[in-house]
Amino acid sequence: MQSIVSSAKPKMNAIIKENLHRFWPIAFVYFLILFMVTVFIAILDTSEANGFDIIWNTINNGRLVIPVITSAASLTFAVCIFGFLHNTGQASVTHALPFSRKALFSAHFISGFILSIAPFILLAFSMLPFCFGANAHNPDAYLRVLTPSQILATLGMWLLSNGIIILCTYALCVFAGIITGTVIMHILVAGLLNLFIPFFYKLITIYLSSFLLGYPTNTSSINTILSYMHPALYNIFHHRLGILAAIVYIGISAIIILFALILYRVLKLERAGDSTTFHVAEKILTYIVTLLGMAAFGLAFTIPTPFTGNGAMPPFYIISAIGAIITFIIVQMIMKKTPKIFNQATCKTFGIYVIVGILFLVCTTSDITGYSNRVPSPNHVKSVIINSDIYPFMIPYNQEMYGEQLKFTKKDDIANVTNLHRHLITANKEAIQDMQNAADNLNTIEDPYDIPKEGIDENLTLYNTIISSQLNFHYKTGSPFGMQRNYQYESADPILKLLADTDEFKKTYRLANTVGYDKIDSVTALHANTIFYSVNPNDDPGIE
């Protein structure tokens with residue numbers, strides 16, 4: 001026994017060398033693909049500066065093709081290296097060798113990771129001559145400000161970021177290989193594990209934004225959360241992994257590898273050839289895919305929104321239920337490799353899923369927590385930031401201040417914001433009800449261009465435009481997450497005058513702060529080629 005343990009290390013090295021010898025042609029093709037989409041394109045460019053731009057954009061993670069290639073390569077090597085687990089004969093022969101499963105797993109994992117990362121290192125070296133050459137032969141371009149140390153540092157960060165992406169993706173692909181018994185299932189489950197969490201999160205946001213009034217979509221906080229769900233997404237959103245993010249993803253990868261090793265040590269070789277090698281994995285995968293199928297059917301055919309009314313809910317639930325049943329049957333047939341799936345165990349599994357599916361629909365389609373009507377108390381708000389997709393509230397803006405966030409910190413101003421918030425909830429609900437009534441009664445819609453005027457005050461008259469805009473509230477409260485809402489608003493709504501009269505609003509958007517204000521003869525506000533108002537500030541200084 002002692003001799004076997006002592007000889008484990010050289011045997012591991014032998015396995016690693018054997019895998020590298022067998023699969024190096026795949027790694028070479030992998031390198032050629034990376035080389036073709038980066039350095040080769042840059043070489044063909046007749047302009048050295050533009051050629052360097054391609055390289056510089058690549059190593060700053062500005063090209064989405066790179067994570068796509070690395071993900072495909074990681075999956076390929078995981079399937080090739082751990083493919084012996086999917087054949088009963090190969091698995092028996094491999095495990096008959098005189099060393100532990102831990103050593104076997106480690107050797108195969110290391111060899112696959114080397115094959116995945118080596119082409120990137122080789123690509124980085126192939127970039128160096130081009131980068132330094134472009135710098136040396138193009139002294140008039142901005143490239144001259146990039147010193148060799150800066151180029152090397154950027155390349156190093158690029159290698160680190162992509163190395164972590166490869167490590168995490170490869171670990172998930174290996175984990176998929178441990179819990180599956182066929183190559184096809186390995187590929188499908190590997191893709192699911194890498195995509196499920198961000199896809200499911202995005203799916204939930206679609207449901208919540210469709211059914212909960214004010215739920216924000218495509219906001220910075222939502223995208224930030226999404227970016228944390230995979231190192232490749234983090235790289236896309238932030239262009240480079242920071243030190244903290246790198247440590248976190250390395251830790252996550254280590255946990256995945258540890259779980260894969262634990263499962264590998266208890267793996268039953270006779271399950272090779274089955275769809276999954278663990279019964280619990282079969283159930284979990286069935287629940288996940290069935291849930292996605294149910295949601296996909298609901299989105300593909302019809303997903304009710306507040307504007308479609310409650311009458312659309314029964315068909316939506318029926319379609320979702322049909323999608324769940326169809327997906328469940330297909331998944332069970334694939335898992336069990338037979339159409340004969342209707343038995344007591346299958347019915348029990350489906351019964352558990354019914355509970356999960358109902359909970360999912362109830363939590364995402366009904367406001368059981370009172371989310372839509374929730375407005376924070378001014379006493380609990382430290383500050384609030386308001387953003388709009390067009391210039392806030394359709395009043396004259398300061399060109400120098402354009403793009404800044406409108407922030408309120410005074411208690412009276414925060415109270416005005418919360419009053420506006422309550423008004424927008426009521427206004428949006430009334431607008432939703434009006435649209436539902438119009439759809440139900442099929443009344444003739446008035447000419448949208450025959451828009452009445454509404455006077456806000458004696459100095460300013462706006463058109464009540466049919467075009468609604470987005471208004472985003474960002475509350476900073478005692479909670480670490482704060483509160484964020486997104487509403488439609490009419491640009492001529494008199495309630496907006498509450499904010500326009502505040503000192504903090506005028507400080508940010510006061511027209512008199514504009515450079516050259518004293519030379520302005522008149523001010524005209526336009527939106528979609530519609531004149532909302534036109535005034536002379538000299539005759540009406542109140543417009544400031």
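The first residue in the sequence is number 1, and the count goes up from there.
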Hey, does [Y] have a side-chain heavy atom less than 4.5 Å from the side chain of [X]?
X: Ile414; Y: His380; answer: no
X: Tyr215; Y: Ser209; answer: yes
X: Thr364; Y: Leu208; answer: yes
X: Tyr317; Y: Thr365; answer: yes
X: Ile243; Y: Ile247; answer: yes
X: Cys80; Y: Ile26; answer: yes
X: Ile252; Y: Tyr249; answer: yes
X: Phe360; Y: Leu291; answer: yes

Determine the minimum heavy-atom distance between [X] and [Y], stating which atoms define it.
X: Leu267; Y: Arg101; answer: O-NH1, 2.8 Å
X: Leu233; Y: Pro198; answer: CD1-CB, 3.5 Å
X: Leu261; Y: Phe105; answer: CD1-CD2, 3.7 Å
X: Met294; Y: Tyr207; answer: O-OH, 4.5 Å
X: Ser116; Y: Ser74; answer: OG-CA, 4.2 Å
X: Thr290; Y: Thr327; answer: CA-CG2, 3.7 Å

Using ring-ring contact (aromatic ring centres under 6.0 Å, His included), reason through Phe82 and Phe109 one step at a time and then give a plain yes or no. CA-CA 8 Å; Phe82 286 87; Phe109 187 92; 7.2 Å; no
Under 3.5 Å, is there a donor-acceptor pair between the side chain of [X] and the main chain of [Y]?
X: His108; Y: Leu104; value: yes
X: Thr277; Y: Ile178; value: yes
X: Thr70; Y: Ile166; value: no
X: Arg374; Y: Met483; value: no
X: Thr205; Y: Lys202; value: yes

Of all pairs that satisfy salt bridge (charged side-chain N to carboxylate O under 4.0 Å, His left out), the ones with a partner from residues 175-199, not counting sequence neighbours: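 Passing the test, one end in residues 175-199: no pairs.
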Pairs satisfying salt bridge (charged side-chain N to carboxylate O under 4.0 Å, His left out), at least one member in residues 273-298, at least two apart: Arg271-Asp274, Glu282-Lys336
Intermediate values then yes/no, side chain to side chain contact (heavy atoms under 4.5 Å, CB included), His95 and Phe84: CA-CA 10 Å; His95 289 85; Phe84 68 93; 3.7 Å; yes
Val331: which of Val289, Ile288, Leu285 passes side chain to side chain contact (heavy atoms under 4.5 Å, CB included):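 Per the side chain to side chain contact (heavy atoms under 4.5 Å, CB included) rule, the option paired with Val331 is Val289, out of Val289, Ile288, Leu285.
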Let me see the working for Ile334 and Ile184 under side chain to side chain contact (heavy atoms under 4.5 Å, CB included), right down to the final yes or no. CA-CA 10 Å; Ile334 294 175; Ile184 299 298; over 6 Å; no
Apply side chain to side chain contact (heavy atoms under 4.5 Å, CB included) to Ile117 and Tyr170, showing your working. CA-CA 10 Å; Ile117 196 67; Tyr170 179 67; over 6 Å; no
Within this structure, what is the [atom1]-[atom2] distance for the pair [X] and [Y], rounded to the nearest 0.5 Å?
X: Leu195; Y: His230; atom1: CG; atom2: NE2; value: 7.5 Å
X: Asn343; Y: Thr349; atom1: CG; atom2: OG1; value: 8.5 Å
X: Leu160; Y: Ile165; atom1: CG; atom2: CD1; value: 10.0 Å
X: Gln90; Y: Leu85; atom1: CD; atom2: CG; value: 9.5 Å
X: Phe211; Y: Leu361; atom1: CZ; atom2: CG; value: 8.5 Å
X: Ile81; Y: Leu115; atom1: CD1; atom2: CG; value: 5.5 Å

Would you sort out whether Phe408 and Asn416 count as a side chain to side chain contact (heavy atoms under 4.5 Å, CB included), showing the intermediate values? CA-CA 10 Å; Phe408 296 95; Asn416 284 340; over 6 Å; no
Would you say Phe259 has more than 12 foreign heavy atoms packed within less than 6.0 Å of its CZ?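 No.
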Counting neighbours of NZ on Lys411 that are heavy atoms of other residues, nucleotides or ligands and sit closer than 6.0 Å, is the number greater than 12? yes
Does the plane of the ring in His86 sit parallel, tilted or perpendicular to the ring in His186? Use 30° and 60° as the thresholds. perpendicular
For the residue pair Tyr353 and Tyr287, categorise the inter-ring angle as parallel (less than 30°), tilted (30 to 60°) or perpendicular (more than 60°). parallel
For Tyr475 and His421, run ring-ring contact (aromatic ring centres under 6.0 Å, His included): C-alpha distance rounded to whole Å, both residues' side-chain angles, the deciding distance at 0.1 Å, then the answer. CA-CA 11 Å; Tyr475 289 102; His421 189 165; 5.7 Å; yes
